[in-house]
Amino acid sequence: MSATPADLDVVWLRGPGVEVGVIGHGARVAAVRTPDRHGQWAGIALGLPDAAAYHADRDYLGACVGRYANRIAGGRFVLDGVRHQVPRNEPEVALHGGPDAFDHAEWLVTTRGPDTMTLQHTSPDGHNGFPGTVEASVTYSVAGAELAIEHTATTDAPTVLNPTNHTYWNLAGADLTRGGVAGHRVSLTAAAFLPIDHRLIPDGPPAPVAGTPFDLRTPTEIGAGLRGTHPQLLAAHGYDHTFVLDADPDADGLRPAAAVTEPHTGRTLHLRTDQPGVQFYTGNMLNGSLVL
């Protein structure tokens, strides 16, 4: 867990149960602090030490990613009969919108308060090969112990759009003696997941999780799956899969998606979303050079 970057303009949003630091570069969550079961506060989101590190980052730490989160095979897609090409930033795919996308844009703060802020970015027509000018915004707000993230966008032409937040979590905080996230217990409200090919592109219809390491419908230690030899785990070097959510939306339009617990600190994260799936990613591309 890095200290709050000293040379960045970090906006802190504070509630009684969570504090969130946001920066304009990539509209990133730079820090999240919460108490453990004994009331001891610690950071639980992976961050970087300074502005230079964020500008050099290629792991999307805390970033708003887009225009299109996850991978586009070959960087190619067809929309209304027109073929579009996004520059590839992995050998066979365009990842998270291609090079120098939302995650390295300088987002402008349009509203700011003690517990909420909105950032805005204009992505011009043709940037990274995407059609249409997109006016994108992301709002971060805290209430109690809850962090809410809301993405909105408008466009002047048909386009594809799939933004998300890319924060890495470790609920143990700075206590690395707990073995990273392997001891975290995760549950996902999903009876099916999307298998992937060698490019990490979804390959075929949803597959049932029953009888596989992808059955996370009851709390399961992450490490149990990471040590497995299932072909899908080997393909991604861990979990990097979309799970198809089962639960119906609540009255507020959000459905339960995931719950994660770190047993030693007692910290628990509950995720709800208005989307039909959740991506479970275990930081497989990190090389160990980033220190909490």
Side-chain angles (χ1 to χ4, degrees), residues 60 65-80 84 86 88 90-98 149 151 158-169 181-182 184-261 269-285:
Y60 307 96
V65 296
R67 293 187 186 186
Y68 199 89
N70 222 320
R71 293 165 173 83
I72 300 175
R76 297 182 297 272
F77 65 93
V78 177
L79 181 64
D80 293 340
H84 300 274
V86 180
R88 291 175 293 181
E90 287 189 351
E92 298 183 68
V93 303
L95 174 63
H96 296 330
I149 305 174
H151 298 273
T159 192
V160 295
L161 191 68
N162 183 38
T164 194
N165 180 266
H166 205 290
T167 297
Y168 294 82
W169 303 95
V181 300
H184 288 46
R185 300 180 68 82
V186 62
S187 60
L188 304 174
T189 57
F193 75 104
L194 301 186
I196 55 172
D197 64 16
H198 70 282
R199 303 166 298 174
L200 308 188
I201 295 289
D203 184 23
V209 301
T212 78
F214 295 85
D215 192 347
L216 303 173
R217 290 173 290 181
T218 59
T220 304
E221 277 199 2
I222 293 175
L226 296 181
R227 292 186 292 269
T229 59
H230 190 283
Q232 282 291 303
L233 292 173
L234 297 178
H237 305 288
Y239 293 101
D240 194 359
H241 297 76
T242 299
F243 286 74
V244 182
L245 297 176
D246 298 329
D248 293 326
D250 296 330
D252 58 5
L254 302 177
R255 54 169 54 89
V260 185
T261 300
L269 183 152
H270 292 273
L271 174 67
R272 299 193 305 146
T273 180
D274 62 356
Q275 299 300 298
V278 63
Q279 187 81 7
F280 179 37
Y281 174 52
T282 46
N284 315 319
M285 301 301 181

Notebook entry, point to check: Could Asp250 and Arg272 be called an ion pair, given the rule that one side-chain N must be under 4.0 Å from one carboxylate O?
Noted result: yes

Across all chains, not counting sequence neighbours, the side chain to side chain donor-acceptor pair (under 3.5 Å) partners of Thr164 are none

Would you say the side chain of Pro158 lies within less than 4.5 Å of the side chain of Leu79, judging by non-hydrogen atoms? yes

Margin query: Main chain of Pro256, side chain of Thr189: is a donor-acceptor contact present, judged purely on distance under 3.5 Å?
Written below: yes

Quiz prompt | Worked check of side-chain contact (heavy atoms from CB on, under 4.5 Å) between Val278 and Leu245 | solution = CA-CA 7 Å; Val278 63; Leu245 297 176; 3.8 Å; yes

Minimal heavy-atom distance between Leu234 and Gly228, with the atoms involved, is CD2-O, 4.3 Å

Q. Side chain of Asp246, backbone of Ala191: donor and acceptor closer than 3.5 Å?
A. yes

Tyr68 meets the ring pair (Phe, Tyr, Trp, His ring centres under 6.0 Å) criterion, sequence neighbours left out, with none

Scanning both residues in full, the closest heavy-atom pair of Leu254 with Asp274 reads CD2-N, 3.6 Å

Nearest heavy-atom approach of His151 to Ile149 is NE2-CG2, 3.6 Å

Residues Ala94 and Val86: closest non-hydrogen pair is CB-CG1, 3.7 Å

Ring pair (Phe, Tyr, Trp, His ring centres under 6.0 Å) filter on Phe77, not counting sequence neighbours, yields His84, Phe130

Quick one, Leu269 with Leu271, criterion side-chain contact (heavy atoms from CB on, under 4.5 Å). Give me CA distance, side-chain angles, the key distance, then yes/no. CA-CA 7 Å; Leu269 183 152; Leu271 174 67; 4.3 Å; yes

For His166, the ring pair (Phe, Tyr, Trp, His ring centres under 6.0 Å) test, sequence neighbours excluded, returns Tyr60, His96, Tyr168

Heavy atoms of Pro206 and Leu194 approach each other most closely as CG-CD2, 3.7 Å

Q. Does the pair Val209 and His241 meet the rule for a side-chain contact (heavy atoms from CB on, under 4.5 Å), with working shown?
A. CA-CA 12 Å; Val209 301; His241 297 76; over 6 Å; no

Shortest non-hydrogen pair, Asn70 vs Thr242, comes out as ND2-OG1, 4.4 Å

Flag, side chain of Arg88 to backbone of Gly75, donor-acceptor distance under 3.5 Å:
no

Under 3.5 Å: donor-acceptor pair, side chain of Asp203, backbone of Pro195: no

*asked:* Between Glu92 (side chain only) and Ala73 (backbone N and O only), is there a donor and an acceptor less than 3.5 Å apart?
replied: no

Sorted by chain and residue number, the side-chain contact (heavy atoms from CB on, under 4.5 Å) partners of Pro213 (sequence neighbours excluded) come out as His230, Leu233, Tyr239

Across all chains, not counting sequence neighbours, the ring pair (Phe, Tyr, Trp, His ring centres under 6.0 Å) partners of Phe243 are none

